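Shown next, in structure tokens, is the structure this report addresses.
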Amino acid sequence: MSGQMNIVTASLLSKNFGDLQAVDRVSFDIKQGECFGFLGPNGAGKTTVMRTIHCFIPPSSGTVTVFGMDVTASPSEIKARIGVMPQDNNLDPDFTVLENLIVYARYFDIKKKEASRKASELLKFVELTEKADVNIKALSGGMQRRLVLARSLMNNPELLILDEPTTGLDPHSRRSVWDSLNQLKFNGTTLILTTHYMEEAEKLCDRVAIMSSGKIITIDTPQNLMQMHGGNLEHVYLKLAGRGLDA
Amino acid sequence: MFSIKRASKVWQRNLKVFTKLYKSSIALNFVEPVLYLFAMGIGLGAFIQEIKGMPYINYIAPGMIASSSMFAAAYECTYGTFVKMTFQKTFDAILATPVNADDLIAGELMWGATKSMLYGTIIIIVISLFGLVDSAVILFALPVLFISGLLFGEISMICAAVVPGIETFNYYYTLFMTPMFLFSGIFFPIDSLPAVATKIAFFTPLYHLVNICRAFSAGRPLTVWEDLLWLTVVTAILSPYPFRLMRKRLVR
């Protein structure tokens with residue numbers, strides 16, 4: 001991995017919401033072209049870390065740089081080069097599938113013609129071409145998820161941030177999202193994701209950070225972790241982060 | 001500070017939603033003032049000879065321009081903004097793009113002002129068709145409606161930024177908007193009330209907007225420069241607050 005550029009660098013990042021310390025002095029580097037996963041129980045701080053990376057919330061202390069720029073200093077410039085697939089499907093309910101993509105492209109200052117071209121390319125990519133003119137209320141959960149993925153790719157992002165990309169999906173839809181993500185990875189897009197599915201992390205991630213109570217317990221490749229601790233990634237995860245669950 | 005260019009993308013999104021849904025949303029805001037006009041103007045007006053030399057229905061008609069445009073901005077920047085911020089999570093989606101919180105808030109306020117102007121214009125057309133406007137000077141009210149729309153938007157968005165839940169807007173409407181609607185000189189001259197009411201009215205934006213609409217409608221634009229100044233100055237003074245408070249809510 002040496003020699004590759006760092007896309008994201010966090011050093012001693014902390015975030016507190018009032019009295020709640022959501023993230024506690026975490027440091028990590030994410031390299032160009034890798035798929036990096038944040039694993040951990042609910043409330044471990046995964047989403048908060050992701051949200052500081054895509055300039056949604058400022059760090060309470062410590063620094064986060066993305067593409068070499070500070071998240072608090074150049075949010076627009078950073079966000080122009082990032083795609084975000086949030087945990088909730090926040091599609092525009094008043095728009096059709098295609099309109100959702102076209103309106104979103106406008107925020108990135110993408111010209112109408114280019115936006116239409118890109119939208120039809122992406123609808124094909126997520127297999128929603130026939131649904132282009134359907135209102136999003138008529139889509140299944142899996143289709144909505146795929147549309148959110150397509151939307152996050154409208155600006156040709158160099159870095160894609162995926163917060164629980166396949167939560168709530170049936171096995172077929174999940175596989176279809178995995179295929180799409182693998183293809184993006186193959187094309188050189190850097191991916192950062194959170195997930196509760198260890199199978200997903202094992203399949204997609206080059207490295208994972210296991211988080212608990214706002215801290216990063218370890219960062220390593222899934223292979224190394226499994227070798228070190230024995231068993232599959234789920235065993236490792238439960239051993240490192242799951243303590244107290246059965247209490 | 002916001003970028004006009006990025007704010008306009010938010011404005012364009014709202015316009016697109018509006019053009020898809022305008023049938024239901026325009027009807028609501030235009031039927032109500034017309035109902036007031038007829039119920040009060042013709043029904044109650046039958047018992048009232050004249051107010052300040054005008055038939056009663058002519059007296060209240062310009063007030064309908066003001067109140068309709070006020071409620072348009074208020075609904076947009078309370079319920080409209082709150083739904084996009086919470087239930088629909090539209091703001092989360094927009095903030096993941098180069099659009100920042102300040103751009104988003106500016107776009108929402110600009111849209112609220114646009115809608116305010118649009119709804120005021122519809123009432124101008126309607127009351128003109130009924131022959132209730134005396135002067136074409138009323139057209140100069142359009143830019144004024146945009147400014148007052150910004151002001152009503154600012155106040156409403158300050159409210160949207162601080163309410164814990166959507167039902168809390170009831171307080172805003174019952175304790176602030178409705179009294180303002182009733183006691184801003186739309187239905188009767190405010191100086192017929194005890195002196196203290198006149199003093200209170202001076203501090204409400206609707207009172208000044210009603211004065212302006214009535215004067216413009218009668219072709220006397222120069223008599224209301226103080227009201228124009230009041231609206232402009234207060235709009236400017238309040239402008240930092242929706243940004244500050246919404247930022248606090250959006251970017252924690």
Side-chain angles (χ1 to χ4, degrees), chain A residues 15-18 20 22 47-48 50-60 71-72 74-96 99-110 112 135-137 147-148 151-152 154-155 157 160-161 163, chain B residues 1-26 76 79-108 110-111 115 164 243-244 246-252:
Chain A
K15 181 72 196 178
N16 36 283
F17 301 105
L20 176 77
T47 298
T48 306
M50 304 270 268
R51 287 182 158 211
T52 53
I53 296 172
H54 69 79
C55 314
F56 194 81
I57 48 176
S60 301
V71 287
T72 52
S74 320
S76 287
E77 290 77 2
I78 292 172
K79 290 192 288 179
R81 297 161 66 183
I82 288 185
V84 179
M85 187 174 178
Q87 221 172 82
D88 312 291
N89 292 340
N90 50 19
L91 294 160
D92 237 315
D94 301 312
F95 292 150
T96 64
E99 286 167 341
N100 259 286
L101 298 182
I102 302 287
V103 170
Y104 207 68
R106 201 151 53 196
Y107 302 130
F108 291 93
D109 219 9
I110 299 169
K112 183 87 193 277
N135 189 286
I136 62 131
K137 288 169 195 149
L147 180 59
V148 176
R151 192 185 63 178
S152 72
M154 281 302 286
N155 59 325
L160 190 58
I161 293 179
D163 200 356
Chain B
M1 215 23 216
F2 62 88
S3 126
I4 284 278
K5 192 175 174 190
R6 291 195 296 257
S8 73
K9 314 275 179 176
V10 177
W11 184 91
Q12 285 176 55
R13 178 243 167 232
N14 289 335
L15 177 67
K16 191 171 171 75
V17 175
F18 179 73
T19 51
K20 292 196 79 160
L21 306 174
Y22 74 97
K23 285 178 195 128
S24 53
S25 75
I26 284 227
E76 193 57 39
Y79 292 110
T81 294
F82 195 80
V83 166
K84 282 177 272 185
M85 175 167 70
T86 56
F87 307 118
Q88 282 184 203
K89 298 186 186 296
T90 311
F91 286 1
D92 288 5
I94 294 174
L95 291 175
T97 72
V99 176
N100 296 324
D102 282 357
D103 309 323
L104 174 62
I105 297 156
E108 289 283 301
M110 273 161 48
W111 173 248
K115 236 179 141 180
F243 287 91
R244 207 172 289 171
M246 282 297 275
R247 230 185 279 134
K248 216 166 156 186
R249 181 147 193 169
L250 290 170
V251 187
R252 287 184 307 147

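If you're wondering where the values come from, they're calculated on a predicted model, not measured in any experiment. To find a chain, count down the sequence lines: A is the first, B the second, and so on, and within it residues start at 1.
Only the side chain of A/R151 comes within contact range of chain B, with heavy atoms under 4.5 Å apart. In this structure, the portions of A/D109 lying under 4.5 Å from any heavy atom of chain B include both its backbone and its side chain. Within the 4.5 angstrom heavy-atom criterion, no atom of A/S74 approaches chain B. When heavy atoms are compared at a cutoff of 4.5 Å, B/L21 approaches chain A solely by way of its side chain, counted from C-beta outward. Heavy-atom distances place both the backbone and the side chain of A/F56 under 4.5 Å from chain B.
Put simply, the side chain of A/S76 reaches to within 4.5 Å of the side chain of B/R6, judged on heavy atoms. With a 4.5 Å cut-off on side-chain heavy atoms, A/T96 and B/K20 count as touching.
When every heavy atom of B/P98 is checked against every heavy atom of A/A80, the shortest pair comes out as CG-CA, 3.7 Å. The minimum heavy-atom distance between B/L95 and A/K79, with the atom names listed, is O-NZ, 2.8 Å. The two residues A/N90 and B/A93 have their closest heavy-atom pair at ND2-N, 3.4 Å. Contact between B/A96 and A/Y104 at its shortest, heavy atoms only, is CB-OH, 3.8 Å. Closest approach of B/R13 and A/R106 over heavy atoms only: N-NH2, 3.7 Å.
Note that the CG atom of B/D103 and the OH atom of A/Y107 stand 11.5 Å from one another [nearest 0.5 Å].
With sequence neighbours left out, the salt bridge (charged side-chain N to carboxylate O under 4.0 Å, His left out) criterion links B/K84 to B/E76, B/E108. Evaluation of the ring-ring contact (aromatic ring centres under 6.0 Å, His included) rule for B/F91 yields no partner, not counting sequence neighbours.
Of the listed residues (B/V10, B/V99, B/V17), the one with the most heavy-atom contacts under 4.5 Å to chain A is B/V17.
Using a cutoff of 4.0 Å between basic side-chain nitrogens and carboxylate oxygens, B/K16 and A/D94 are not scored as salt-bridged.
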